[in-house]
Amino acid sequence: MRIAVTGSIATDQLTTFPGLFADQLIADQLDKVSLSFLVDDLEVRRGGVAANIAYGMGCLGLRPILVGAVGADFAEYRVWLKEHGVDTESVHVSAERQTARFMCMTDQAQNQIASFYTGAMEEAAGIDLHPVAERSGGIDLVLVSPNDPRAMLRHTAQCRELGLPFAADPSQQLPRLSRDDVRDLVDGARWLFTNEYEASLLLELTGWRHQDVLARVGLWVVTRAEAGVTLHRDGDAPVTVPAVQAGPIADPTGVGDAFRAGFLAAAGRGLEPVGAARFGCAMAVLALESVGPQEYTVARSALLPRIESAYGPVTAQAVDASGLLGPGKRRPAESS
């Protein structure tokens, strides 16, 4: 199954301040703040929803097509993604803007001061899916994930024009979208991905009832953190898939992206939705136990026992038979 992943591509720059922001602020002079913080460290992480999802799928051998907009500073990041099985030939490189960047400083009390530079992502709406489909020899599914809202709407419309099945993942862009925009992004999706909060927000924004959404999508996948995932399909009772037990939690960033990568990869290899959700939950735990959304590794020898422990031998055998983890061989992201 050839999957195109459209959405954001970004770099995170994270620093830590060894004090408290509040100690540096003078109450009666907040209208003229001029501060400089000396930070202890700098952690640069590769990120962006589409890039995170494509990374996970690439590690599973699917060679997803990444579709997004970046700046000339993307060269090193491109090499990383290609080394991990991602097709980056359809990534647009801006001549004027840098790759989107999230810059955040955290103090000892976990207070944060952050800024987000949209950068080249503003040009994502100019990306045409027609040549992407032609170059790749055809696309079986397009994932429309968080991006410049105009790009999300255009790519959804082009999926309908080209007759391409699509999955909708509006997530953090929901507050930026109008009622008609959200309805347009959802209507006709094979799969709709949200978390619990986003599910409630989606209903509020669209003015639809839960059943109205189910009548318009093939399957609504609602992630619920440690409570697992619930699958909603029109005419069927909801099915809840429990989460895989996690070890020490390192960083929640990118956990939902890893789930989507696992779900889509498993569905692309023929697993039915419950099996795909179970595999997605296993992938999510890998991200949860790693610092950064693209720092986890996919090792068959480690992942299959966890799947069997959580869901039983039948599910583990189905995953093994699908070839998702290869016949015992290393995947690009697997360490020695």
Side-chain angles (χ1 to χ4, degrees), residues 1 3 52-53 55-62 64 141 143 167 169 190-196 199 214 217-252 254-290 293 295-331 333-335:
M1 190 175 189
I3 300 175
N52 293 341
I53 295 171
Y55 168 85
M57 293 172 63
C59 289
L60 294 167
L62 264 73
L141 179 79
L143 173 65
D169 179 21
R190 174 180 291 183
W191 293 305
L192 169 63
F193 295 98
T194 66
N195 61 28
E196 280 190 294
L214 296 186
V217 302
L219 184 73
W220 189 356
V221 182
V222 181
T223 57
R224 303 168 57 221
E226 67 274 4
V229 179
T230 301
L231 308 178
H232 302 265
R233 191 193 298 274
D234 192 23
D236 295 337
V239 177
T240 295
V241 174
V244 173
Q245 185 174 359
I249 297 174
D251 180 12
V255 171
D257 301 335
F259 169 83
R260 286 154 175 75
F263 182 97
L264 292 170
R269 290 290 174 87
L271 271 68
E272 37 72 42
V274 171
R278 288 171 174 172
F279 187 73
C281 287
M283 288 286 289
V285 166
L286 295 182
L288 188 62
E289 296 172 349
S290 303
E295 301 303 325
Y296 61 89
T297 60
V298 181
R300 178 179 182 273
S301 59
L303 200 55
L304 275 180
R306 299 186 73 165
I307 293 172
E308 181 170 352
S309 176
Y311 306 118
V314 174
T315 297
Q317 289 165 10
V319 169
D320 203 16
S322 72
L324 277 166
L325 301 175
K329 64 185 180 181
R330 289 178 55 177
R331 286 294 172 191
E334 183 177 340
S335 57

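Owing to the predicted nature of the structure, the values given are computational and were not obtained by experimental measurement.
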With a 4.5 Å cut-off on side-chain heavy atoms, are [Y] and [X] touching?
X    : Y    : result
V229 : F263 : no
M283 : L60  : yes
L219 : R190 : no
Y311 : V319 : no
V285 : Q245 : no
L325 : F279 : yes
D257 : Y55  : no
P252 : L288 : yes

Distance (rounded to the nearest 0.5 Å) between [X] [atom1] and [Y] [atom2]:
X    : Y    : atom1 : atom2 : value
L304 : D320 : CG    : CG    : 5.0 Å
Y296 : D251 : OH    : CG    : 13.0 Å
M57  : L143 : CE    : CG    : 8.0 Å
L264 : I53  : CG    : CD1   : 7.0 Å

Practice task
Give the ring-plane orientation class for W220 versus H232, where under 30° counts as parallel, over 60° as perpendicular and anything between as tilted.
Solution key: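 W220 and H232: tilted rings.
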Nearest heavy atoms of [X] and [Y], plus distance in Å:
X    : Y    : answer
T194 : A199 : OG1-CB, 3.6 Å
A284 : A258 : CA-CB, 4.0 Å
R300 : P305 : O-CD, 4.0 Å
A243 : A225 : CB-O, 4.1 Å
A267 : A276 : N-CB, 4.0 Å
A227 : T240 : O-CG2, 4.1 Å

Problem - E295 side-chain N/O to S290 backbone N/O, donor-acceptor pair under 3.5 Å - result: no
Problem - R278 side-chain N/O to I307 backbone N/O, donor-acceptor pair under 3.5 Å - result: no
Exercise for the section: Check step by step if salt bridge (charged side-chain N to carboxylate O under 4.0 Å, His left out) holds for E289 and R306. Expected result: CA-CA 13 Å; E289 296 172 349; R306 299 186 73 165; 2.8 Å; yes
